[in-house]
Amino acid sequence: MSEEKNLNFIEEIISQDLASGKYDQILTRFPPEPNGYLHIGHAKSICLNFGLSAHFGGGTNLRFDDTNPSTEETEYVDSIKADLKWLGFNWVKECYASDYFDTLYGFAVQLIEKGLAYVDDSTAEEIALQKGTPTAAGTGNEYRNRSIAENLELFTNMKAGKYADGAKVLRAKIDLANPNMLLRDPILYRIKKAHHHRTSDKWCIYPMYDFAHGQSDAIENITHSICTLEFIPHRALYDWGIENLGIYPSKQYEFSRLNITYTILSKRKLLQLVQEGHVSSWDDPRMPTISGMRRRGYTPESIRDFCDRIGIAKRENIIDFSLLEFCVREHLNKIAQRRMVVTDPIKLVITNYDKGEEVLHSENNPEDPEGGLRELPFSNELYIQRDDFMEEPTKKYFRLGPGLMVRLKSAYIVKCDSFEKDAAGVVQTVYVSYVPESKSGSDTSGIHVKGTLHWVSAKHAVPVVLNEYDRLFKVEDVASAEGDFKDYLNEQSLTKTNAWAEPALVSDALDMRFQFLRKGYFYQDNTSTKDALVFNRTVTLKDAWAKEQKK
RNA sequence: UGCCUGAUAGUAUAAUGGUAGUACGACUGUUUUUGGUGCAGUUUGUCUUGGUUCGAAUCCAGGUCGGGCAACCA
């Protein structure tokens, strides 16, 4: 363990618990409900829980909180495990709340026997009404006074399937006037004749979160049970269960959940986007899901770095999306292979180049001296970006225009002599002459130019499709914007562009990270093939010129 | 007219009674065969009012503002 100073409040608690000898090692858990895919908000919790046990010594369980059969599926279980592994974390045990159903049932019987739980025949509406309001105490009903024997029999019958869904519930007998609404005789078990993804039809009664989570923590001997702020009021119940059942005293701690600008981080809302077709799937590259980010080209390292940087505290927060972008750029800059891809091309003809063609070489990554070189075919007919030519260049424009000189990346310096427009007045071809002694790496021309353009040789270029993504929502704080969050969807969040790429791309591995020079970082989509290359833009490069133009 | 929780630059986060620091953002300059990267620098902050103290972001009291709590969801 390193000598670190700035501990967050949870690390502070743990290091005190360790120093006082309360624990020799810690055990945390990551407890998703398998009712959706993991998103970047979960990543924060994952990095926290796994990071804590790695840092202080101990382990982390993966526990599926599968107590509600009507929303949970095996597909989600599998995706969660895959995402966790991809992020680079290993759990010590794979657990399921459903593995504890027998134990939990026994716990409930214990409470009934102690006179601390009763079967209530009221409807959901009646129970809600009898609970009172935050400012008015609740009232009891006749079921609250049932005898232990009667409760035992009724609960046995509930388990045996003798009653319809909703006919009865098991409630804790605590305090109907408690200022904490959660303590006003909370429901422990409900009848649900639904098929469970693991226990199948064995059970028709299922424990509620508040009678499963703390109990599962205790069963696994979790030392520090870390959850988000909205569970603070549940802590009293969590402790009540542990105390009255006499089980392992796990402790709950809460931190504030992640929010990101221009993003929604709610499984329910993300599911809506998928179901209503606003995105193609859970792993649509625009989704803030781990699988979406993976498909878009984010690296696990960049996501972990992000989670490190945002910190852990108890105050509500909304993190700038630009911090996430900074984290990916920083990692990708170090590892991405440089390639040249031209969108919206105009033809560049080199009038004095009579070699026909030659093979040039360019570095794969200027950040990596050992990254090596790649072959780059060059010829007298190239494609360059349309916006790299300006008929009447403005001040500070360092690119091509009549009489202007630029360097073609890893090739030669060229000078624009003339250009040609079509009938509609659109520039089609730019004619240049090159400086033979300016060849990259052996430049003896002594000419200094300000701009360097990327290019591809027209006859060697391969067609590719680029998926360029923008933020999914138009407003910063989507969650607190008025009305339906879907009204704020950015309908321009995906632009598909046809482009021309240098041929090296065809032979590159599918999982390589690329930087298309002057355009951004790209990653091959999982639908991409050698014959039809498709790339997702992970993130743009910082663009100082675009900023300059806005002025 | 309840209970619980929180408040430090634009956004996060640290300082645990003793120099308000760091990162991202923004802005300068510089380097550069990517208007990328790197490097150097500038900018902006303790919610409020009292109190305790030699000294308060930190402790105490009142106020203000934000978030949560009345699912047979987790």
Side-chain angles (χ1 to χ4, degrees), chain A residues 5-8 12 31-33 35 65-68 70-72 120 122-124 127-129 131-138 165-171 178-182 184 187-192 205-206 208-210 212-213 227 229-236 254 256 261 267-268 309-327 329-330 333-334 338 340 362-363 366-367 396-399 406-411 413 438 440-441 443 448-454 476 480 515-520 540-549:
Chain A
K5 264 204 235 151
N6 295 345
L7 302 181
N8 65 47
E12 198 76 54
E33 184 189 9
N35 66 345
D65 228 335
D66 54 351
T67 56
N68 184 2
S70 34
T71 57
E72 298 154 5
D120 193 326
S122 310
T123 64
I127 289 177
L129 225 55
K131 268 196 183 171
T133 68
T135 52
D165 283 16
K168 286 179 168 51
V169 290
L170 182 73
R171 287 229 253 171
N178 200 291
N180 181 347
M181 297 294 292
L182 261 340
R184 319 247 260 229
I187 293 170
L188 268 22
Y189 265 94
R190 77 285 215 186
I191 301 171
K192 220 169 207 185
I205 57 171
Y206 292 92
M208 297 289 289
Y209 167 86
D210 285 310
H213 201 97
C227 59
L229 253 31
E230 65 269 29
F231 290 97
I232 289 178
H234 293 253
R235 191 173 60 229
E254 312 85 8
S256 57
T261 54
K267 266 199 242 174
R268 204 191 90 246
R309 286 170 185 268
I310 56 180
I312 300 294
K314 297 189 82 150
R315 110 170 97 134
E316 307 285 333
N317 61 78
I318 182 159
I319 308 283
D320 284 340
F321 193 84
S322 58
L323 181 61
L324 228 196
E325 294 188 320
F326 166 82
C327 293
R329 282 199 193 102
E330 187 169 65
N333 178 47
K334 292 195 188 95
R338 312 296 138 122
M340 294 201 279
S362 187
E363 72 275 13
E367 303 293 311
K396 287 197 190 171
Y397 187 77
F398 307 147
R399 309 178 188 182
V406 296
R407 171 171 294 280
L408 297 173
K409 173 70 182 173
S410 298
I413 291 175
S438 68
S440 192
D443 186 347
H448 222 72
V449 292
K450 249 188 162 172
T452 300
L453 307 188
H454 66 282
E476 254 189 43
S480 35
Q515 183 196 105
F516 294 165
L517 247 55
R518 306 207 294 141
K519 302 200 79 64
T540 59
L541 255 27
K542 264 200 206 161
D543 192 348
W545 172 239
K547 224 177 258 173
E548 178 69 29
Q549 278 178 307

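In what follows, chains carry the letters A, B, and so on, assigned in the order in which the sequence lines appear, proteins first and then strands, with residues in each chain numbered from 1. Only this structure's heavy atoms are used, side chains among them; waters, hydrogens and symmetry mates stay out.
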Atom pairs under 3.5 Å, N or O on each side, protein against nucleotides 26-29 of chain B: can you list them with distances?
| unit_1 | atom_1 | unit_2 | atom_2 | d |
| --- | --- | --- | --- | --- |
| B:A26 | OP1 | A:Lys547 | NZ | 2.8 |
| B:U28 | OP1 | A:Lys551 | NZ | 3.2 |

> Of the nucleotides B:G35, B:G36, B:C72, which has the atom closest to the A:Leu541 side chain?
Replying inline: B:G36

> Are side-chain heavy atoms of A:His213 and A:Thr67 found at a separation under 4.5 Å?
Replying inline: no

> Going through the distances and angles, do A:Lys542 and A:Glu325 end up as a salt bridge (Lys or Arg N to Asp or Glu O under 4.0 Å)?
Replying inline: CA-CA 10 Å; A:Lys542 264 200 206 161; A:Glu325 294 188 320; over 6 Å; no

>> Base, sugar-phosphate or nothing for A:Thr123? Non-hydrogen atoms, less than 4.0 Å.
In response: base

>> Quick check: any donor-acceptor pair below 3.5 Å linking the side-chain of A:Arg309 to the base of B:U13?
In response: no

> Can you name the ring pair (Phe, Tyr, Trp, His ring centres under 6.0 Å) partners of A:Phe231, sequence neighbours left out?
Replying inline: A:Tyr209, A:His234

>> As a test of reading the structure: which of B:C72, B:A12, B:U34 is closest to the side chain of A:Arg338, going by heavy atoms?
In response: B:U34

> How would you label the contact of A:Asp543 with the nucleic acid (heavy atoms, under 4.0 Å): base, sugar-phosphate, or nothing?
Replying inline: sugar-phosphate

> Hey, does the side-chain of A:Arg407 have a donor or acceptor N/O within less than 3.5 Å of a partner on the base of B:U33?
Replying inline: yes

> Which of the following nucleotides, B:G36, B:C24, B:C72, is nearest to the side chain of A:Glu367?
Replying inline: B:G36

> Roughly how far, to the nearest 0.5 Å, is CD1 of A:Ile413 from OG1 of A:Thr452?
Replying inline: 8.5 Å

>> How would you summarise protein contacts on nucleotides 65-70 of chain B per nucleotide, using B for base, S for sugar-phosphate only and - for none, with heavy-atom distances below 4.0 Å?
In response: --S-SB

>> Looking at the base of B:U33, is there any donor atom on it, or on the side chain of A:Ser440, that sits under 3.5 Å from an acceptor on the other one?
In response: yes

>> Categorize A:Phe321 for me: base, sugar-phosphate, or nothing, with a 4.0 angstrom heavy-atom threshold over every strand shown.
In response: nothing

